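Here the structure is laid out as structure tokens; the discussion comes afterwards.
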Protein chains: 2
Amino acid sequence: MLQAERQTLILEQLKLKGRVYAADLAAQLGVSEDTVRRDLNRLGETKLLRRVHGGALPLQLDVPDYADRLESRNPGKQKRAEAALAFIEPGMTLLLDSGETCRYLAMALPRDMPLTVVTTCPLIACELVHHDRVEVILLGGRFFKPALRCVGSGAAEMIRRMHFDLCFMGLCALHPQRGFSAKYYEEAEIMRITIEQADKTVIMGDRDHLGTVSHHQVVPARDLDVLITDSGADASVLEALAEQGVEIVPV
Amino acid sequence: MLQAERQTLILEQLKLKGRVYAADLAAQLGVSEDTVRRDLNRLGETKLLRRVHGGALPLQLDVPDYADRLESRNPGKQKRAEAALAFIEPGMTLLLDSGETCRYLAMALPRDMPLTVVTTCPLIACELVHHDRVEVILLGGRFFKPALRCVGSGAAEMIRRMHFDLCFMGLCALHPQRGFSAKYYEEAEIMRITIEQADKTVIMGDRDHLGTVSHHQVVPARDLDVLITDSGADASVLEALAEQGVEIVPV
DNA sequence: TAGAATTCGGCATAAACACGCAAAAACCGG
DNA sequence: CCGGTTTTTGCGTGTTTATGCCGAATTCTA
């Protein structure tokens, strides 16, 4: 049996059962435990599974819900938001996705620049109350609390009738091969539609989310235009993304 | 069962039930209490739960100012909001209009009552984030900042397709002859449509707004059902309103 | 304050792991 | 085809980790 074949089987098994044991796999695949361990370690390094003592678990990047994250101030997000400002020009129509990163961007927007900001996140709308020259369009629908955003057909319909110069999103999980993914099905759908309507999509997020996979794919990596991330991010992942046409902006 | 898997289960259980006992977990997971304790201690060290004698609790930095805000700010609005609760029954679909009074009502809603709340005000939507049994529908559209609400054809259309058991509104101006009126044209229109779709309309406001007139009429007084106001309000105005079929609730 | 439940620390055991080594297989350039 | 290189794999050794058990210390509760 080929190594790659074996690793594929391991991943399938993992997906099927939700967990795999090194010892079981060794017996089942007819190789030594060392070999299985080496396979598991490699798959873990490339972020295709979560290696744990005794076996492996599916990757579930447990992003804490937005509602729980609101309070903490985060200098990294602040910096990425400031870097994102460079893409914005007066008169543009922006979409700000839900997420803390985008909230920082909303707060960082210059108050004297005329802009139209579209968002599904009520919190972001509230942040922009004192930006007198920013027109805010709030996309309504069912309020999906874990992600603090509106989802559903109402919001989707409204987005399909719009067009954005720029679309900004926080980074949940981005993997060179497995694309940009989100934690919840509901938000993944809205995000996908949003990206379709935008001239340019800018993603912001730190190294911890790079090379990871979450539950629902939004779009493949090549559909993204710019990634603003911290300079300490894994070079090989950045390179792989750059090859797919993503402009990397380190801060 | 893998260690990491077990710890994930513990966290899930915790989120679900709000507390876990070491002894129960040991029996349930088929491991010794020592093992469970070690798991709990580790999860506690990494700040994923709050370790307590006998088990663990979720660590929720739960909105500490919640109670304070209700007590201190505006006792009048608080009282009227509490009086309004009497009209609400489990399972109802409510419309909460924009305005501080309605925000108080949102905060005062019981957390364990299943409800659907529809609102045009993003701030109210955010207040309801921690009410797990309350489904929130946010009506989108252009965000009209002076009134902190969404207006426009989008919101109006959505409202026309809905039906509310109860509609709550703060009181801008109410005059027995000249009706219920609002400051801005945009909001008056939305409010009128809203009242049309509601079985019952409840208005909350203190004496200062009674007997006054603002710029844009919403509906005549007879279209209102309940007025919750303070007991010191002008008796002649209240009487005139009562004659038009408005139930007066003094607090 | 006494008794019960819980926790802590040390210890033993078995499983899982890392590391180096060597054999076998696959690969590669000429 | 052939010599050299790389990759893969399995094995042995020593280390680390996970777990359960036990007694002592601590904390809760009535």
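Letters A, B, ... mirror the listed sequences (proteins, then strands); counts begin at 1. Since the structure is predicted, the reported quantities are computational estimates derived from the model, not experimental observations.
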**Study point:** Spacing of A:Arg6 atom CZ relative to D:dT9 atom C1', expressed in whole Å
**Key:** 8 Å
Point to revise | Side chain A:Thr101, main chain A:Lys77, donor-acceptor under 3.5 Å | key: no
Study note, to complete from the structure: Here the residues of residues 29-44 of chain B within 4.0 Å heavy-atom distance, strictly under, of DNA chain D are B:Val31, B:Ser32, B:Asp34, B:Thr35, B:Arg38, B:Arg42
Study note, to complete from the structure: Of B:Tyr21 and A:Ala23, the one whose closest nucleotide on DNA chain C sits nearer the 5' end is B:Tyr21
Check your understanding: When A:Glu187 is tested against each of A:Lys145, A:Arg149, A:Arg192, A:Arg142 for salt bridge (Lys or Arg N to Asp or Glu O under 4.0 Å), which residue passes?
Key -> A:Arg149
Review point. Nucleotide range of DNA chain C contacted by chain A, 5' to 3', under 4.0 Å to a heavy atom?
Key: C:dA16 to C:dC19
Point to revise | Contact under 4.0 Å: A:Gln3 side-chain N or O vs D:dT7 OP1/OP2 | key: no
Practice item. Return yes if some donor-acceptor pair links the side-chain N/O of A:Ser98 with the main-chain N/O of A:Ala147 below 3.5 Å, else return no. Key: yes
Exercise for review: With the side chain counted from C-beta on, respond yes when A:Glu196 and A:Ile159 share a heavy-atom pair under 4.5 Å apart, and no when they do not.
Suggested key: no
Review point. Once you round it to whole Å, what is the distance between C1' of D:dT9 and CD of A:Glu5?
Key: 16 Å
Review point. Between A:Lys200 and A:Asp165, does a salt bridge (Lys or Arg N to Asp or Glu O under 4.0 Å) hold up when you go through it step by step?
Key: CA-CA 6 Å; A:Lys200 191 171 203 171; A:Asp165 296 305; over 6 Å; no
Review point. For the residue pair A:Cys102 and A:Asp97, what are the closest heavy atoms and their distance?
Key: CB-O, 3.1 Å
Point to revise | Side-chain touch B:Arg6/B:Leu9, heavy atoms, less than 4.5 angstrom | key: no
Practice item. Quick one: do B:Ile203 and B:Ile228 satisfy side chain to side chain contact (heavy atoms under 4.5 Å, CB included)? Show the steps, please. Key: CA-CA 6 Å; B:Ile203 305 291; B:Ile228 299 175; over 6 Å; no
